[in-house]
Every structure is written in structure tokens, then in C-alpha cells.
Amino acid sequence: MTAVITGLGLVSPVGDDPAAYWEGLLSAGSGPAPVADRPGMPAGARAYRIPEPEREPDAVPAYGSLYGRLARTAAAQALVDAGIRPGATDDAVVAGLFLGTGTGDSEPAEALRDGRGTNEAGAWWPYRSAAGLADEFGFTGPVQTVSTACAAGAYAVALAVHAVESGRVDVALAGGAETVSRPALASFMRLGAVDPVHCRPFDADRAGTVYGEGAAFLVVETEERAAARGAVPIATVGAGGWSCDGSHLTAPEAEGVQALRAAQDALDRAGFRAEDIAAVVCHGTGTPLNDRTETKVMRELLGPRSATVPVTAPKSVIGHSGGAAGAFSCATAALMVRHRNVPPVANLTRADADCSLAASGVPQAMGPGPVLLNAYAFGGNNISLIIGPVPS
């Protein structure tokens, strides 16, 4: 059975729906801003952020925080885009939910820490938002919260594909959510991994990443089920390839052996070859070692074509959204397949000779074939997925 994507939902620093997000990627129209107005933030911290709306007076606890509201908005968007009314899932339909996150909804814990809040029952549970979404939407299948750091969103999508292809669920809602938090920002700053200017992957002057926030969700089901209910698929999606470096807590293994294994495994599982790849959505954090390692992996995988296969790096526009980043990459790849266009790598003014992939500061046309996307994370977690066109 072929798994397809039938719905997308996105809330990002450049737009609060898929169309606005896509336009934001093409125009590279974003940049980091101070986050000093949020409680407990490290001095001088900046991020690609989302203006925080007022909390709705009747908001249920799971959606009371910015994190919860972003997750709910993007998840509901994806269902509506797929032609599924939130909360109206048929009892005979087994629906699952897979949510990737790095730090989860840290707002209740931070409020308790600095005296703004109380120890609300269940507020700190990492699976609170996923459980709340499943309860509201009437999902009766598996509900899983995945926290493989910066690869979590992509892992959530891969788990959803596996659940659909194995017949465990009829339809799956998968994605990631993250908000700027004190622990995440402080960690990156303590590691010396924050660029003081922009997130600028593959640029010779890059000095680290810049944190971001947002939520991205995809609806995944079999091609047969989509056809039966009259849904028009956006793209196909493979189950992906997973691996672990097992070498360092935070740094990627420089030779990229296991990252290459994940990419090759993703191709094998999806039934494609390296020469079929039409474009790459890079993990592209802007940290010197990560960009060099990913470049090495893509050179080995693509061979001479690494100089011509166009690549993009969404983090250059929306920042590094932690556990949601892989889900944003999946959504980006699906939109690339739909539009046959590759968004630019923003802030790329002087290309690093050690990162000689086909990155550009302007959009690039994309040929026929699938998109490869990569997500790498602390703990050595690697995952690649293949998102391709729907057969005509």
C-alpha cells in the first residue's frame, strides 16, 4: 500500500497557513527578533518567533499555552485541508495521532518555576497536548508523543506512515510543535551554537543556528482510502530510514556514516534510487559541523549530481524549530512536489567551499522525481524520508 499526504496544516513565523508559509519560503521574508518580553529568557536571546495571540477565555487547559494553540491550529488545518472535519471522525475509522516535540509545552513548568502559575493537574505531562488533540478530534487509534530532539517531527511522520501501511490505522495525523523556551535557548547559547545575526546554512560566515517556533501537521492515509473518499493526494510519502550515530551527545559524527545509511535506507524502502532524487530539503542548521557533515553525506549519496540537484534549507527562513523542524521539512517537501519549485536558502551571501551543494539564494526549478529530506538531532538521531509525486 502506498501512503499519501492528503492534508497540510502550518503555523510559522512567515505565515499561518500552507499558502502563506510557501510564499514566505519563496520570498525568504523573515528574521530573528528579541524574545525578552517572554518570562525567564536569557539576556540577549533572539528567535524566529510567532506573535503570541491573546488566550481565549474558554480555552481548555491543553490549549491554554502558545504551544497548545499552535499545535491545535495546525492540526485542525491539516484535517480540514484533507476534507476531514475535526471532531467528526467516524467511529468505524481508526485514526492515530503522532506528535513530535523537543521540549514539549514548557510554559506551565516555567510559570510554576517563576511563581506565575500553580501546579495545575497534568500541566507538565509531555503528552498532554497530543492527548488533548486526540480527545477533541475523536481519535481512537494510537496517540504517541515522540521526542527524538530535533528529528522528532520527521520521526512522527515516519511512525504515521508505518501505522497506515501496516493497517494499524486508517488515517493518521502527524507532525510537530515547538515554542521558544528558556531551556532550549539557554542550551544552544551554552553550547556556543547560536548565530548572532541570522540562521545562514552553508554560508562561509555562519556561526550557528537561531531558534524558531511553530507547528506543522500532515494527514497521512493510503492512496486507496484517499481515492475511495474522493480526496486528492498532495504527494506520496515513504516510511523513511532511521539510524543513530552513537558517537556524541550533541555533535554529529563527522564522517556521516549513519546519516548516509538513513538516506539510503529511505530510498530503498520507497523504491527509488539516488539518481531519481529531484531535490533535497536539508537539515541545514547553520552550525559549521552539521552543514559540513550533511554536505559530505549528500556528495556521497548523489555523486556528481550533488553539484546540480537543487537543495533548500527551511531553517534559513523560519529558524530551527527543534522537534517541529522535521515536520516542517516534510510539509516543505510536499509543497515542493506540488509546485515543482525549490525555495531559496536565505542569507546565503558567500558560499562555504566545504558546503558545495546546489544551494541558491533564489528559487530554483525542480525536475520530475521525489524529494529527499533529512533530519538530524542530538543523541545522534538521524532520519531521512522520501516524498514524491502521486503517480498519474
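Note: hydrogens, waters and symmetry copies are ignored here, and every other heavy atom, side chains too, is used. Quantities reported herein were computed from a predicted structural model and do not represent experimental measurements.
- Closest approach of Cys150 and Ala377 over heavy atoms only: N-CB, 3.4 Å.
- Under the ring-ring contact (aromatic ring centres under 6.0 Å, His included) criterion, the residue pairs touching residues 205-230 are Phe188-Tyr211, with sequence neighbours excluded.
- The backbone N or O of Pro252 sits nowhere less than 3.5 Å from a side-chain atom of Asp245 that would complete a donor-acceptor pair.
- Within the model, atoms OG of Ser181 and OH of Tyr67 stand 10.5 Å from one another, a figure rounded to the nearest 0.5 Å.
- Here the side chain of Thr101 pairs a donor or acceptor atom with the backbone of Ala177 at under 3.5 angstrom.
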From CA spacing to verdict: side chain to side chain donor-acceptor pair (under 3.5 Å), Gln264, Asp268: CA-CA 6 Å; Gln264 187 60 62; Asp268 293 343; 3.1 Å; yes
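- Shown here for Val94 and Gly141, the closest heavy-atom pair between the two residues is CG1-CA, 3.7 Å.
- For Glu300, the side-chain hydrogen bond (donor to acceptor under 3.5 Å, both in side chains) partners two or more places apart in sequence, or in a different chain, are Lys296.
- Between atom OG1 of residue Thr293 and atom OH of residue Tyr376 there is a gap of 8.5 Å, rounded to the nearest 0.5 Å.
- In plain terms, the two heavy atoms of Ala131 and Val143 that are nearest each other are N-CG1, 4.2 Å.
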Evaluate the criterion side chain to side chain contact (heavy atoms under 4.5 Å, CB included) for residue pair Ser247 and Gln258; output intermediate values, then yes/no. CA-CA 10 Å; Ser247 64; Gln258 295 303 325; over 6 Å; no
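- A donor-acceptor pair under 3.5 Å is absent between the side-chain atoms of Thr73 and the main chain of Leu70, judged by distance alone.
- The NE2 atom of His162 sits 9.0 Å away from atom CZ of Arg269, with the distance rounded to the nearest 0.5 Å.
- Proximity of a side-chain donor or acceptor of Asn382 to a complementary backbone N or O of Trp242 within less than 3.5 Å is not detected.
- Inspection of the Asn347 and Asp203 side chains reveals no N or O donor paired with an N or O acceptor under 3.5 Å.
- Side chain to side chain, Ser356 and Arg299 meet the donor-acceptor criterion of an N or O pair below 3.5 Å.
- Linking ILVMFWY residues whenever their side-chain heavy atoms come closer than 4.5 Å, directly or via other members, places Leu26 and Leu10 in the same cluster.
- Identified under the ring-ring contact (aromatic ring centres under 6.0 Å, His included) test for residues 327-353, with sequence neighbours left out: Tyr21-Phe328, Trp22-His339.
- Hydrophobic clustering (side-chain heavy atoms under 4.5 Å, transitive across Ile, Leu, Val, Met, Phe, Trp, Tyr) keeps Ile386 apart from Val237.
- Side chains of Pro391 and Thr236 form a contact here, defined as non-hydrogen atoms less than 4.5 Å apart.
- No donor-acceptor pair under 3.5 Å is formed between the side chain of Asp354 and the backbone N or O of Arg292.
- Residue Arg229 comes nearest to Thr6 through the heavy atom pair NH2-OG1, 3.7 Å, listed as atom of the first residue, atom of the second, then distance.
- Looking only at distances, no side-chain donor or acceptor of Glu253 sits under 3.5 Å from a matching main-chain atom of Gly380.
- In this structure, Glu213 contributes its side chain and Val180 its backbone to a donor-acceptor pair below 3.5 Å.
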Go through the steps for Val371 and Val337 under the test side chain to side chain contact (heavy atoms under 4.5 Å, CB included), then give the verdict. CA-CA 7 Å; Val371 176; Val337 166; 3.9 Å; yes
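- When atom types are taken as modelled, the side chain of Glu255 and the backbone of Val257 share no donor-acceptor pair closer than 3.5 angstrom.
- Hydrophobic clustering places Ile318 together with Val281 (ILVMFWY residues linked when any side-chain heavy atoms are closer than 4.5 Å, directly or through intermediates).
- Contact between Ala346 and Ser316 at its shortest, heavy atoms only, is N-OG, 2.9 Å.
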Side chain to side chain contact (heavy atoms under 4.5 Å, CB included) evaluation trace for Val194 with Thr209: CA-CA 5 Å; Val194 175; Thr209 196; 5.6 Å; no
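- Atom OG of residue Ser12 and atom CG of residue Leu25 lie 7.0 Å apart, to the nearest 0.5 angstrom.
- You'll find the side chain of Cys199 stays beyond 4.5 Å of the side chain of His320, heavy atoms only.
- Between His198 and Pro32 there is a side-chain heavy-atom pair separated by less than 4.5 Å.
- Interatomic distance, Ser384 OG to Leu373 CG, rounded to the nearest 0.5 Å: 7.0 Å.
- Taking 4.5 Å as the limit, every side-chain heavy atom of Asp352 sits out of range of all side-chain heavy atoms of Phe202.
- Transitive grouping of hydrophobic side chains (ILVMFWY, heavy atoms separated by less than 4.5 Å) brings Ile277 and Val345 into a common cluster.
- Closest non-hydrogen pair, Leu185 versus Ala45, comes out as CD1-CB, 3.8 Å.
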Under the side chain to side chain contact (heavy atoms under 4.5 Å, CB included) rule, what do Thr103 and Glu178 come out as? Steps first, then yes or no, please. CA-CA 7 Å; Thr103 57; Glu178 204 79 89; 3.1 Å; yes
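- For the pair Asp105 (side chain) and Arg128 (backbone), a donor-acceptor distance under 3.5 Å is absent.
- Linking ILVMFWY residues whenever their side-chain heavy atoms come closer than 4.5 Å, directly or via other members, places Leu99 and Val219 in the same cluster.
- With a 4.5 Å cut-off on side-chain heavy atoms, Arg273 and Leu267 do not count as touching.
- For the pair Leu260 and Leu301, the minimum side-chain heavy-atom distance is below 4.5 Å.
- Between Pro363 and Pro344, some side-chain heavy-atom pair lies under the 4.5 Å cut-off.
- Checking Arg46, Arg200, Arg206 one by one against Asp195, the side chain to side chain donor-acceptor pair (under 3.5 Å) holds for a single residue, Arg200.
- Residues Thr332 and Met336 form a side-chain contact, since some pair of their non-hydrogen atoms from C-beta on lies under 4.5 Å apart.
- Separating the CD1 atom in Ile387 from the CD1 atom in Ile234 is a distance of 10.0 Å, to the nearest 0.5 Å.
- Between the side chain of Ser147 and the main chain of Gly102, a donor-acceptor pair closer than 3.5 Å is present.
- Defined by atom type and a distance below 3.5 Å, a donor-acceptor pair is present between the side-chain atoms of Asn374 and Glu294.
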